[in-house]
Amino acid sequence: MKYMLSHDLRHFQIQERRPMQVVVPLTSSPHHAELNVNLEANAKYALMGLVKKISSEFEVIPEVSNVNFKAKYKVIVFYEVDKATENIQHLIKWIMDCYGDACKLILCCEDNAEILESVKDHCKIIKVDAPVTHEIMKVLIQIARKEDFDLPMSFAAKIATKSKQNLRKAIMALEACKAHNYPFVDDQPVLLGWEEVLVELAAEILADLSPSRLYFVRGKLQKLLLDFLHPKLILENKRLPTGTSALLKLEEFVAKFVSIYRKCSSNRHYV
């Protein structure tokens with residue numbers, strides 16, 4: 001049976017001077033959850049809330065007579081652990097110590113030298129070498145064949161080289177290039193890093209729902225469009241226009257989202 005990934009805004013209750021809730025974007029399935037502990041400002045609250053919820057669902061005290069008992073657990077994938085603060089890394093160690101039966105953690109990083117020794121002592125380190133250019137080209141060509149579009153070898157090489165051995169960035173760059181201009185041409189620009197910008201922008205909108213935020217959002221959206229990112233990669237809408245009209249439609253969407261979100265959360269407190 002296949003399980004589809006879901007991308008949700010998850011609410012986590014926190015108890016400080018007064019009860020509050022934080023909203024954190026999560027990718028998950030029935031068997032796992034994913035969280036970038038570096039990019040997400042409210043990562044510590046999400047960590048505690050997520051782990052406690054998983055523990056209550058999966059941690060079961062076995063019968064004394066059941067010698068074949070095997071506890072259930074859920075996998076949590078943490079990204080950019082090496083770039084996270086020491087407080088977050090100490091919290092990860094606390095999770096390992098207290099909730100190891102219910103949660104199995106996968107910590108992803110580029111440089112494990114930046115991870116606390118007390119955390120690494122709990123881990124089995126697996127090093128995965130970055131793919132070389134021809135390996136990235138092979139994946140891009142396979143994607144093109146599966147999606148039934150033409151990808152010249154020279155343009156695949158251009159994307160692979162610019163991605164600097166980052167396969168995910170190469171795949172996202174291929175998507176952006178095809179949306180911007182197809183059939184491909186040799187002097188076509190290759191846009192990298194746009195997905196990260198959109199993730200950060202979404203988090204910033206949720207962190208500040210004030211009308212003044214729209215001016216800031218407009219500048220970032222305008223820069224993405226000027227960098228040749230097709231508007232349909234920012235907002236999936238078959239009727240979305242291009243050029244200046246696209247910017248106006250994107251602004252309109254953000255304004256409507258903020259208005260609806262503020263109304264829905266009027267009886268809640270957010271940080």
Side-chain angles (χ1 to χ4, degrees), residues 7-29 31-59 71 73-130 164-169 192-193 195-209 213 216 220 269-271:
H7 305 277
D8 305 309
L9 291 175
R10 199 78 58 86
H11 295 77
F12 294 98
Q13 189 77 24
I14 62 174
Q15 299 290 336
E16 290 190 342
R17 286 174 294 182
R18 61 186 177 89
M20 293 180 291
Q21 283 188 330
V22 295
V23 182
V24 179
L26 279 181
T27 297
S28 62
S29 74
H31 303 294
H32 90 296
E34 302 175 20
L35 178 66
N36 189 311
V37 293
N38 175 48
L39 290 180
E40 178 49 54
N42 292 311
K44 66 177 181 179
Y45 301 117
L47 281 174
M48 292 185 290
L50 183 63
V51 168
K52 288 179 180 179
K53 184 176 186 300
I54 290 174
S55 180
S56 65
E57 293 175 352
F58 286 86
E59 194 171 30
Y73 60 87
K74 196 165 188 175
V75 175
I76 309 179
V77 182
F78 294 140
Y79 295 109
E80 296 192 12
V81 178
D82 52 327
K83 299 177 183 177
T85 64
E86 285 195 8
N87 287 339
I88 291 294
Q89 293 193 36
H90 282 302
L91 186 55
I92 290 174
K93 180 182 179 299
W94 171 76
I95 293 172
M96 292 174 169
D97 291 336
C98 300
Y99 295 95
D101 291 338
C103 305
K104 304 303 179 184
L105 307 186
I106 298 177
L107 313 184
C108 302
C109 67
E110 292 183 359
D111 184 4
N112 64 17
E114 299 298 323
I115 297 180
L116 298 175
E117 290 296 330
S118 58
V119 175
K120 287 193 289 187
D121 288 344
H122 285 65
C123 300
K124 179 179 181 181
I125 298 177
I126 301 175
K127 293 184 178 181
V128 180
D129 293 331
K164 296 181 179 179
Q165 296 184 280
N166 188 314
L167 179 59
R168 179 177 178 79
K169 286 186 177 181
L192 297 170
E195 186 191 26
E196 291 88 344
V197 175
L198 289 178
V199 171
E200 291 175 7
L201 183 58
E204 289 166 356
I205 293 172
L206 289 174
D208 181 3
L209 299 175
R213 172 62 58 172
F216 172 80
K220 283 205 168 184
H269 297 285
Y270 294 94
V271 293

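Everything numeric in this text was worked out from a predicted model, so none of it was measured. Residue numbers count from 1 along this sequence.
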Practice problem: Drop me the distance from Ser118's OG to Ile92's CD1, to the nearest 0.5 angstrom. | Solution: 10.5 Å

Quiz item: To the nearest 0.5 Å, how far apart are SG in Cys103 and NZ in Lys53?
Solution: 11.5 Å

Practice problem: Mind checking the CD1-OH spacing from Ile76 to Tyr99? Nearest 0.5 Å is all I need. | Solution: 11.0 Å

Quiz prompt | Of all pairs that satisfy salt bridge (charged side-chain N to carboxylate O under 4.0 Å, His left out), the ones with a partner from residues 76-88, not counting sequence neighbours | solution = none

Practice problem: In sequence, state the C-alpha distance, the side-chain angles, and the governing distance for Met96 and Leu107, and then conclude on side-chain contact (heavy atoms from CB on, under 4.5 Å). | Solution: CA-CA 11 Å; Met96 292 174 169; Leu107 313 184; 3.6 Å; yes

Quiz item: What distance do His31 atom NE2 and Lys74 atom NZ have between them, rounded to the nearest 0.5 Å?
Solution: 9.0 Å

Quiz prompt | With sequence neighbours excluded, residues passing side-chain contact (heavy atoms from CB on, under 4.5 Å) with Leu35 | solution = Val24, Leu26, Val37, Glu40, Ala46, Leu47, Phe78

Practice problem: Provide the closest heavy-atom pair for Ala33 versus Leu50 in the form atom of the first, atom of the second, distance. | Solution: CB-CD2, 4.0 Å

Practice problem: With rounding to the nearest 0.5 Å, note down the distance linking CD1 in Ile205 to CZ in Phe216. | Solution: 9.0 Å

Quiz item: In terms of heavy-atom contacts, does NZ of Lys104 have more than 12 from other residues, nucleotides or ligands at under 6.0 Å?
Solution: yes

Exercise. Report the distance from atom CG of Leu91 to atom CE of Met48, rounding to the nearest 0.5 Å.
Key: 6.0 Å

Exercise. Go through the steps for Lys44 and Thr85 under the test side-chain contact (heavy atoms from CB on, under 4.5 Å), then give the verdict.
Key: CA-CA 10 Å; Lys44 66 177 181 179; Thr85 64; over 6 Å; no

Self-check item: Selection residues 108-117 - residue pairs positive for side chain to side chain donor-acceptor pair (under 3.5 Å), sequence neighbours left out
Solution: Glu117-Lys120

Exercise. Decide yes or no for His122 and Asp97: does some side-chain heavy atom of the first lie under 4.5 Å from some side-chain heavy atom of the second?
Key: yes

Quiz item: So, for Ser29 and His32, which heavy atoms are closest and what is the spacing to 0.1 Å?
Solution: OG-ND1, 2.7 Å

